[in-house]
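Shown next, in structure tokens, is the structure this report addresses.
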Amino acid sequence: SNATSCVKCDLTCTQCSYISSNCTACQSVGFYASFLYDDGLTYPKCMAICPAGTVGVIATRTCDSCVTGCA
């Protein structure tokens, strides 16, 4: 509809889109940061540690895929 409303993002998200669990940016506090992980199957989520097969990139605060052959 033409109506719009605001909802709070999930606790680990600093920004979200359309629904509270669709994170577009993650919280960071000093040296500690959470990383945005998008598995392509669910909504992107913020994680303190990136899952196996990915690496946390501090500059972008995202979990990026490892090069082929790396875990």
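Every value quoted in this text rests on a predicted model; they were computed, and no experiment measured them. Values below: all heavy atoms of this structure, side chains included; hydrogens, waters and symmetry mates excluded.
Of the two cysteines examined, C63 and C50, the SG atoms meet the criterion of being under 2.5 Å apart.
Not one N or O on the side chain of S65 forms a donor-acceptor pair closer than 3.5 Å with the backbone of T54. When atom types are taken as modelled, the side chain of Q15 and the backbone of C23 share no donor-acceptor pair closer than 3.5 angstrom. Of the possible donor and acceptor atoms, one in the side chain of D38 sits under 3.5 Å from a partner among the backbone N and O of G40. Although no hydrogens or angles enter the test, the distance criterion places a donor-acceptor pair under 3.5 Å between the side chain of N22 and the main chain of S17.
Using a 3.5 Å distance cut-off with no hydrogens or angles, the side chains of T12 and D10 do not pair a donor with an acceptor.
By the 4.5 Å heavy-atom criterion applied to side chains, I49 and F35 are not counted as neighbours.
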Apply side-chain contact (heavy atoms from CB on, under 4.5 Å) to Y37 and M47, showing your working. CA-CA 7 Å; Y37 173 65; M47 305 182 81; 3.6 Å; yes
Output, in order, the C-alpha distance, side-chain angles, deciding distance and verdict of disulfide (SG to SG under 2.5 Å) for C16 and C9. CA-CA 6 Å; C16 55; C9 296; 2.1 Å; yes
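Annotation for C13 and S20: closest pair SG-O, 4.4 Å, computed over non-hydrogen atoms. Shown here for L36 and T24, the closest heavy-atom pair between the two residues is CD2-O, 3.6 Å.
Within 6.0 Å of the CG atom in L11, the count of heavy atoms belonging to other residues, nucleotides or ligands does not exceed 12.
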